[in-house]
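Along the sequence shown, the residues carry numbers beginning at 1. Values below: every heavy atom of this structure, side chains too, minus hydrogens, waters and symmetry copies. Note that the structure is a prediction, hence the values are computed from the model and not measured.
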Amino acid sequence: SGGHPRGGVAGEAAIYRTFVLYEKARGNRFTVCCASPTISAPPLDPCRGEETRCPAKEADPMAKKRITTLYPRDKNALSALARCGYVSREQLGTFLREKRVHAYCKDGLVEKSVYSRPGAKAQDIEVYRLTKAGRELCRRELSLPTYCAQNPAHDLVLADRYFSLSQSERETWRTESQSREDVYAEIRQLRDQGEEERAGELWAKLQEGRLSMPDAVYTRSDGVSVAYEVTTGNYGQEEITAKVEAAEALGAEIEFSRA
């Protein structure tokens with residue numbers, strides 16, 4: 001079931017405590033190796049390149065599973081996929097060897113595509129994303145919420161930022177849906193504190209679409225929260241303002257990058 005660029009399974013088994021989670025409904029068994037029992041949690045625009053998908057193998061509950069143990073390197077790889085949508089083969093290779101990636105594809109957990117980048121930097125890029133079964137695995141075994149993959153042109157820019165961060169910074173990464181939950185929590189807290197006017201203002205902006213959550217929010221090593229948004233040519237001033245307003249509500253600095 002694959003190795004790791006920095007040490008083998010035996011070495012990892014010696015330093016990580018193992019505990020077992022059972023999926024009773026389907027009779028599958030996954031062993032999750034970790035440092036502690038608590039694990040932290042649209043179609044393409046034609047002008048932005050083409051995506052050729054390799055047929056994904058459907059997960060057969062009766063078939064012999066190749067991925068039966070989830071090591072820390074697996075958690076890191078699955079976290080990147082769950083948080084960014086599409087990632088490149090090079091990025092996935094930060095954590096997994098080719099044989100391990102192939103096993104994920106064979107088990108129907110990850111889908112491979114070839115993205116043809118247009119323009120002056122035209123090239124074919126091998127990209128990966130979670131399948132429905134892969135997303136379910138992340139939620140069930142690792143308590144990881146999953147970001148809905150959009151398209152490689154957008155998500156690879158998001159992934160570039162994610163992989164540029166330190167591991168501790170990556171652990172603070174909040175997806176768009178998680179940021180929305182954070183705003184709801186802020187509204188509830190404001191109401192509990194008797195600040196009905198501010199709570200009502202935020203609620204009205206959400207309902208009217210004047211608050212639009214960024215693609216991600218993370219905390220830098222210096223403690224500053226950053227709201228990161230990947231923009232396309234379809235963004236107008238109204239959309240930009242809604243992102244800025246959301247970042248303010250989240251107590252974060254906004255940063256934009258173009259897909």
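- Under the side chain to side chain contact (heavy atoms under 4.5 Å, CB included) criterion, Arg188 pairs with Tyr184, Ala185, sequence neighbours left out.
- Contact check for Asp160 versus Gln91: side-chain heavy atoms found under the 4.5 Å cut-off.
- Put simply, the side chain of Lys75 does not reach to within 4.5 Å of the side chain of Leu70, judged on heavy atoms.
- Judged by distance alone, with hydrogens and angles left aside, the side-chain atoms of Asp155 form no donor-acceptor pair with the main-chain N or O of Ala149 at under 3.5 Å.
- With a 6.0 Å radius and a threshold of 12 heavy atoms from other residues, nucleotides or ligands, Glu90 has its CD atom at or below the threshold.
- Under the salt bridge (Lys or Arg N to Asp or Glu O under 4.0 Å) criterion, the residue pairs touching residues 226-240 are Glu229-Lys243, with sequence neighbours excluded.
- Here the CG-CH2 distance, from Leu165 to Trp173, works out to 6.0 Å after rounding to the nearest 0.5 Å.
- Side-chain contact between Arg161 and Val230 is absent, with no heavy-atom pair separated by less than 4.5 Å.
- Side-chain atoms of Tyr147 and Arg83, non-hydrogen and from C-beta on, never get closer than 4.5 Å to each other.
- Side-chain contact between Cys105 and Tyr128 is present, with at least one heavy-atom pair separated by less than 4.5 Å.
- Scored by the side chain to side chain contact (heavy atoms under 4.5 Å, CB included) test, Ser179 finds Arg174, Met213, Val217, Leu250 as partners (sequence neighbours excluded).
- Side-chain heavy atoms closer than 4.5 Å link hydrophobic residues (I, L, V, M, F, W, Y) into clusters, and following such links, possibly through other members, connects Phe163 to Val226.
- We find the CG-CG distance between Leu142 and Leu137 to be 6.0 Å, quoted to the nearest 0.5 Å.
- A distance of 7.5 Å separates CD of Gln167 from OG of Ser79, quoted to the nearest 0.5 Å.
- Counting only distance, with no hydrogens or angles, the side chain of Arg170 and the backbone of Tyr162 share a donor-acceptor pair below 3.5 Å.
- In plain terms, the two heavy atoms of Ala82 and Pro145 that are nearest each other are CB-O, 3.8 Å.
- Listed by chain and residue number, Arg100 satisfy the salt bridge (charged side-chain N to carboxylate O under 4.0 Å, His left out) test with Asp74 (two or more places apart in sequence, or in another chain).
- Under the rule for a ring pair (Phe, Tyr, Trp, His ring centres under 6.0 Å), Tyr228 has no partner lying at least two apart in sequence or in another chain.
- Ile240 and Leu211 fall into different hydrophobic clusters, defined by Ile, Leu, Val, Met, Phe, Trp and Tyr side-chain heavy atoms under 4.5 Å apart, directly or through other members.
- Within the 4.5 Å cutoff, the side chain of Tyr71 has no heavy atoms near those of the Leu96 side chain.
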Could you pull out every donor-acceptor pair under 3.5 Å between side chains of residues 193-204 and any protein atom, sequence neighbours left out?
from   : atom 1 : to     : atom 2 : distance (Å)
Glu201 : OE2    : Lys205 : NZ     : 3.4

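- Partner of Arg129 under the side-chain contact (heavy atoms from CB on, under 4.5 Å) criterion, out of Gln150, Arg135, Glu111, Lys112: Glu111 alone.
- The main-chain N or O of Asn234 is found under 3.5 Å from a side-chain atom of Thr232 such that the two form a donor-acceptor pair.
- Of the possible donor and acceptor atoms, one in the side chain of Thr131 sits under 3.5 Å from a partner among the backbone N and O of Leu109.
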